[in-house]
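Below is one structure, written out as structure tokens; the observations come after it.
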Amino acid sequence: NAPVLHMFGYPRTDLIGEPITKLVPVSRLGEPVDELIYRLLSREPPGELGPEAQFTGTGRRRDGSTFPVQVSASLMPHGQRGVAVVLRDISDINRAETRYQALFEALPDALVVVDGNGRITLVNAAAERLFGYPREELLERTVDTLLPEHPVTLYRTEEPGSPDAPHAAPDANPRDSGPNPRRPSAAGSKRENEMNGKSAVEPDKSIELIGRKRDGTDFPVAVTVGRMLTDEGPRTVLSMRDMTEAASSRQALEHSIEMLRAAGVEHRNVLVDLVGAHERERQRIAAGIHDDSLQVITAAALRMQQLRRRLRDPDDLKVLAKVEETIRLAADRLRRMIFDFRPPALEHEGLVAALKVYLEQLHNETKISYELDNRLESEPPMQTRVLIYRIAQDALMNVRLHSRASNVTVRLSEVDTGILTEIIDNGVGYNPMEAEAEPGHLGLTLMRDRAEIVGGWCRIESAPGAGTTVEFWVPREVGMTGTG
């Protein structure tokens, strides 16, 4: 027909009576097209519409140039002799796939795509660098290779128990250790959800797991889970980032404070310097995210806009829209991390404004309602704002992760020559003495130390089933002048 004549540049008289190999000599794998069509149509079991063969081949125009072409062949209907062949130029699709692949490879985070059974189907260069595997060793392995203690539902796209839910890979390796009732481990809390028939990992949410490199080294990794639908079925996209540096910074701070308290050391300036170093580290990481990772993501978004102007196929545009949405979510998370490290409102609008932004974010992400009761007569100095905000941030993080509360109240009051902050939730409560005695759980200790190094105090009142109240008082002029 006319489209074929236009596609290959032949007049009709030059094609009548010629074999199909004149237009498409070989398949993508080099097999003669006429032999491949015969083989596929002979092997294909007949259906309602008869057997059909589909594959990709290399087309050859009259001028000798070649291009990728999709071949669809089927027997003529109603017992007629011959084969009907439909040819489609897929050059634009190949170019789009090349651009998508280039973007996939250029992203700074390690990306791993897995199927419903947890088997790896695609990885990018960043994943090879992060885990030390060449990609050919990872393809068709299970995600256990990289995340040995992941929750089973990490890659499931249906609720467990439904007819369409895929089964876990036979070598899946969830943890069996029982969770603490107050502070469940990531794997433990998710396993409880699995047993209740609920998905343990929500799409577009970040969780912290243990990654394992090719040499057997374990390291902390932040994993963001995304879902997408492909021609081969649903797929899960795992975006992973090495958290060794961030974890090491906090572990070093916690270890230093623990050693100081255990030895009975009361040198105030040392603690001040540790807290100051922690703040400087937060600012350094925030600046690094802004100047490096966020700029790369922004550049990728701009390239996607350029690609959109060149594409015409609706299917390609749909795929492009999903990629753009993934890039937008990544940029939003990076901006949120920058805010958490150094909220702009704290410096430009004040303590109450910064706390309101944080509480609003907490409500949007967890549905925990909040009340912010401000009884301050004036804005505290900048150092005091930072100190109060950091202690409140730690307390509210405990509310988010452990309290199961539906409401939290934050109250700021002028007491004597300082500021009293109260954070009250209506959650499940816990035993503070047991929680503080557990190794590795120094969040409460850090809150108390932050207040005490400036001459303040911090108290926690809680009991199982009775909610939790965190109170801390710091002088208005904190005078944090360490030695460094």
Side-chain angles (χ1 to χ4, degrees), residues 179-184 189 254 257-258 261 271 275 340 343 346 350-377 379-380 384-476 478:
N180 179 277
R182 168 60 184 168
R183 294 170 183 249
S189 62
E254 291 182 345
I257 292 177
E258 189 175 42
R261 293 179 65 86
L271 287 174
V275 173
D340 288 342
L346 191 62
L351 174 62
V352 175
L355 287 173
K356 183 174 177 61
V357 172
Y358 188 92
L359 288 166
E360 190 64 28
Q361 177 181 317
L362 177 68
H363 171 69
N364 292 336
E365 295 177 357
T366 66
K367 304 307 178 186
I368 298 176
S369 62
Y370 70 90
E371 298 172 32
L372 180 56
D373 184 4
N374 176 29
R375 303 180 184 181
L376 300 182
E377 298 176 0
E379 188 66 34
T384 310
R385 290 184 224 169
V386 173
L387 179 65
I388 294 174
Y389 183 84
R390 292 303 181 206
I391 300 175
Q393 189 179 38
D394 286 343
L396 291 170
M397 182 60 69
N398 284 335
V399 174
R400 174 198 292 262
L401 296 177
H402 310 300
S403 73
R404 305 181 197 170
S406 61
N407 179 265
V408 62
T409 298
V410 178
R411 183 178 299 119
L412 301 170
S413 309
E414 301 270 5
V415 175
D416 297 330
T417 57
I419 297 172
L420 175 67
T421 304
E422 301 164 272
I423 300 173
I424 307 163
D425 71 65
N426 65 348
V428 296
Y430 68 105
N431 186 325
M433 296 297 293
E434 291 180 359
E436 291 191 49
E438 293 175 6
H441 295 286
L442 294 179
L444 305 179
T445 302
L446 288 173
M447 287 191 290
R448 183 175 292 112
D449 285 330
R450 284 181 183 272
E452 289 179 354
I453 62 176
V454 296
W457 51 263
C458 177
R459 289 197 296 259
I460 296 121
E461 297 180 2
S462 184
T468 301
T469 297
V470 176
E471 293 179 310
F472 61 91
W473 178 93
V474 296
R476 175 173 279 274
V478 298

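As a basis for the values below, the full set of heavy atoms in this structure was taken, side chains included, without hydrogen atoms, waters or symmetry mates. These numbers were taken from a predicted model, which means no experiment stands behind them.
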task: Using modelled atom types only, decide if a donor and an acceptor are shared between the side chain of Arg411 and the backbone of Glu422 within a distance under 3.5 Å.
output: no
query: So do the side chains of Tyr370 and Leu362 get within less than 4.5 Å of each other, counting heavy atoms only?
result: no
field: Test item: Tyr358 and Leu346 side chains (from C-beta on) under 4.5 Å apart, heavy atoms
entry: no
statement: Minimal heavy-atom distance between Asn426 and Ala405, with the atoms involved, is OD1-CB, 3.3 Å
message: Under a 3.5 Å distance rule, please check whether Glu377 uses its side chain to pair with a backbone N or O of Glu414 as donor and acceptor.
response: no
task: Give the minimum heavy-atom separation between Arg390 and Arg450, together with the two atoms involved.
output: CB-NH1, 3.8 Å
message: Show the nearest heavy-atom pair for residues Arg375 and Ser413, with the distance to one decimal.
response: CD-OG, 3.9 Å
query: Parallel, tilted or perpendicular: which describes the rings of Trp473 and Trp457, with under 30° parallel and over 60° perpendicular?
result: parallel
statement: To the nearest 0.5 Å, atom CZ of Phe472 lies from atom CG of Asp394 at 9.5 Å
message: Can you tell me how far apart CD1 (Ile391) and CG (Leu387) are? Round to the nearest 0.5 Å.
response: 4.0 Å
message: I want to check something: taking the side chain as every heavy atom from C-beta on, are Lys356 and Asn374 in contact at a cut-off of under 4.5 Å?
response: no
task: Decide yes or no for Arg476 and Thr417: does some side-chain heavy atom of the first lie under 4.5 Å from some side-chain heavy atom of the second?
output: no
query: Got Val399 and Thr366 here, is their nearest side-chain heavy-atom distance under 4.5 Å?
result: no
field: Check: Asn407 and Asp425 side chains under 4.5 Å, non-hydrogen atoms
entry: no
query: If you look at every heavy atom in Gly467 and Ser462, which pair is closest and at what distance?
result: O-OG, 2.9 Å
- request: Quick one: pull up OG1 in Thr421 and CG in Leu355 and give me the separation to the nearest 0.5 Å.
  value: 8.0 Å
- prompt: Taking atom CD1 of Ile388 and atom CD1 of Ile419, what is their separation to the nearest 0.5 Å?
  reply: 4.0 Å
- request: Kindly indicate whether the side chain of Leu359, heavy atoms from C-beta on, has any atom under 4.5 Å from the side chain of Val408.
  value: yes
- prompt: For the residue pair Cys458 and Val470, what are the closest heavy atoms and their distance?
  reply: SG-CG1, 4.3 Å
message: Nearest 0.5 Å, please: how far is CD1 in Ile424 from OG1 in Thr409?
response: 5.5 Å
message: How close do Ile423 and Ala395 get, counting heavy atoms only, and between which atoms?
response: CD1-CB, 3.6 Å
task: Taking the side chain as every heavy atom from C-beta outward, state whether His402 and Thr468 have any pair of such atoms under 4.5 Å apart.
output: no
message: Please check: side-chain N/O of Ser406 versus main-chain N/O of Ser369, any donor-acceptor pairing under 3.5 Å?
response: no
message: For the backbone of Gly418 and the side chain of Asp416, can you confirm whether one donor and one acceptor N or O come within less than 3.5 Å of each other?
response: no
- request: May I ask you to decide if Leu420's main-chain N or O and Glu471's side chain share a donor-acceptor pair within less than 3.5 Å?
  value: no
